[in-house]
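Values in this document were obtained by computation on a predicted structure and should not be read as measured data. The chains referred to below are lettered A, B, ... by the order of the sequence lines, with proteins before strands, and numbering in each begins at 1. Note: hydrogens, waters and symmetry copies are ignored here, and every other heavy atom, side chains too, is used.
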Protein chains: 2
Amino acid sequence: MTILRSTRLADGTARGIPDATVARLPVYLRALNALAEQGVLSCASNELAEQAGVNPAKLRKDLSYLGSYGTRGVGYDVEYLRYQIAREMGQTQDWDVVIVGVGNLGSALSAYQGFSTRGIRVAALVDADPQRVGTVVSGIVVSPLDTLDTLVSERQISIGVIATPAPAAQEVADRLVAAGITSILNFAPAIVQVPEGVDVRKVDLSIELQILAYHEQRKASADTSATSKATSKTTSKVVSA
Amino acid sequence: MTILRSTRLADGTARGIPDATVARLPVYLRALNALAEQGVLSCASNELAEQAGVNPAKLRKDLSYLGSYGTRGVGYDVEYLRYQIAREMGQTQDWDVVIVGVGNLGSALSAYQGFSTRGIRVAALVDADPQRVGTVVSGIVVSPLDTLDTLVSERQISIGVIATPAPAAQEVADRLVAAGITSILNFAPAIVQVPEGVDVRKVDLSIELQILAYHEQRKASADTSATSKATSKTTSKVVSA
DNA sequence: CCATGTGAATACTTTCACAGCC
DNA sequence: GGCTGTGAAAGTATTCACATGG
């Protein structure tokens, strides 16, 4: 809906990194971590871009929003750049999340290995089902839904994850907001309404597959039209992530 | 990397729906289904847009790429529009997917209720671990990784889902491509390289949380700068999905 | 009248191409 | 010489505002 971005902070500091760039910084971070593990100390934008799966120019433009952390004629110091991006992304601290809904998806998320190394810590699990409350999932005791307020304030939780069925999503979002959460990741296939100032990101598993199905369909029909019309140039479509 | 889009098909048919629009059509479809279930027969762009969580103008523009399926002064016929979008998205047929990797995430995906009503059918499960092969997950027997070719061709599978750990992702992608798959949804936190003509979409759970953490951090620092400098206008930032 | 459908305006993103600096 | 950092250009996406037609 509405996106207001300050290009300049109140104090006059130039900020306001474009959304598209913010979404890629974690990818660069991961690529840099991989390089660091291989013992690579320095790299050029080409190499890093290749690792990250993006165009080198885009990588450089993205990094330019953070500052000038490279050396002309040389490249980037892996460790230094890694630190700068991590700092920008707020990864110098750990972020505690609460997962609401401990079904298949919620359980899988709570067991996900990739979070800890990215500054994400699953601090609490919550479920509305009394049958699940009290059970231990991934080493965490599941708490009842109405303890959200206490959990959030006591454990300094700043991010909520909705992993419930769709019908419960809006109520859970309301409760998260009431508990003071201002960032929500929603896996439920439902649109949740939140007050201004609260960020919601949505991950919808079927939608991703539906988008792929759409492209499959187009490929298929392009093929048939190509065979029926020998002179037609078929469309090649590549969307690399 | 490279995105080539044909705005016009070989036969001259006007096509080439923008990517951003394609990504939203499933959302509209879901909203329409919800309305249909409530017994709503007709709706205006405002209502549908509200349900879908988008701007009405954007909705109308999106729909205009499909054709003129509304009635001026009235709105859209729910069932008719639903069918038109479904057809455009290739949802008049079912799409079979194979999930590679039956760990926590793969299991959760195979049990996911939301797929069947969206034209997605989990047709096969595959894992490299001999311990898992032969076990039954969500009613499907897990097959060994090297039977991919047979599975894909015999069951007409067109979409592959990678739900393995990161190090295995590239090899799995290669095998999927070798088996004839041209659409891949990758949940592994790794960039996979694929040949031209293969679509890859990536869902990265930690990245979504890292993006939220970034915004949290900005909110926090905006707050502190606001308290330290009473006259400064703080930035309000809302990104609704 | 009223809500759609759409040109035109605006905003954002990507890519190019080269000046600038090591 | 070579690679970064960045203006400028090209390509997409969103939003506005109103002509259009039921």
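Rounded to whole Å, the distance from CG on Leu66(A) to C1' on dT4(D) is 14 Å. Note: OH (Tyr65(B)) to P (dT14(D)) measures 9 Å, nearest angstrom. The NZ-P distance, from Lys61(B) to dT10(C), rounds to 15 Å in whole Å. Put simply, CG on Leu81(B) is 11 Å from P on dT4(C), counting in whole angstrom units. In this structure, NZ of Lys58(B) is placed 13 Å from C1' of dT12(D), rounded to the nearest angstrom. Rounded to whole angstrom, the span from the CG atom of Leu59(A) across to the P atom of dC3(D) amounts to 14 Å. At whole-Å resolution of the value, CG in Asp19(A) and C1' in dC12(C) are 9 Å apart. Rounded to whole angstrom, the span from the CG atom of Asn55(A) across to the P atom of dT12(D) amounts to 14 Å.
In this structure a side-chain-to-backbone donor-acceptor pair under 3.5 Å is present from Trp95(B) to Gly90(B). Judged by distance alone, with hydrogens and angles left aside, the side-chain atoms of Gln193(B) form no donor-acceptor pair with the main-chain N or O of Gln170(B) at under 3.5 Å.
Considering all non-hydrogen atoms of both residues, Cys43(A) and Leu35(A) come closest at SG-CD1, 3.9 Å. Here the closest non-hydrogen pair linking Ser221(B) and Arg218(B) is OG-O, 3.1 Å.
Checked options Thr182(A), Val192(A), Leu176(A); the residue passing with Val200(A) is Val192(A) (criterion: side-chain contact (heavy atoms from CB on, under 4.5 Å)). Among Val177(A), Val161(A), Ile184(A), Val100(A), the single residue meeting the side-chain contact (heavy atoms from CB on, under 4.5 Å) criterion with Val172(A) is Val100(A).
Contacts of residues 38-50 of chain B with DNA chain C (heavy atom under 4.0 Å): Ala44(B), Ser45(B).
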From CA spacing to verdict: side chain to side chain donor-acceptor pair (under 3.5 Å), Glu216(A), Ser158(B): CA-CA 7 Å; Glu216(A) 271 301 309; Ser158(B) 41; 4.7 Å; no
Stepwise side chain to side chain donor-acceptor pair (under 3.5 Å) test for Asn33(A) and Glu37(A): CA-CA 6 Å; Asn33(A) 284 331; Glu37(A) 267 177 40; over 6 Å; no
Stepwise side-chain contact (heavy atoms from CB on, under 4.5 Å) check, Tyr76(A) with Arg60(A): CA-CA 10 Å; Tyr76(A) 300 93; Arg60(A) 293 202 301 277; 3.8 Å; yes
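Stem regions annotated for DNA chain C: C:1-22 with D:1-22, counting only runs of 3 or more consecutive pairs of Watson-Crick or G-U type with both contacts under 3.5 Å.
The line from CG of Leu25(B) to CD of Gln210(A) is 9.5 Å long, rounded to the nearest 0.5 Å. How far CG of Leu59(B) is from CD of Glu50(B): 12.0 Å, rounded to the nearest 0.5 Å.
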Between the protein and nucleotides 20-22 of chain D, are there any N/O to N/O pairs under 3.5 Å, and if so, what are the atom names and distances?
residue	atom	partner	partner atom	Å
dT20(D)	O2	Arg72(B)	NH1	2.4

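Two residues, Ala57(B) and Tyr76(A), neighbour DNA chain D, and the one matched to the more 5' nucleotide by heavy-atom proximity is Tyr76(A).
Regarding contacts with the backbone of dC16(C), every side-chain N or O of Arg60(A) stays at 4.0 angstrom or more from both OP1 and OP2.
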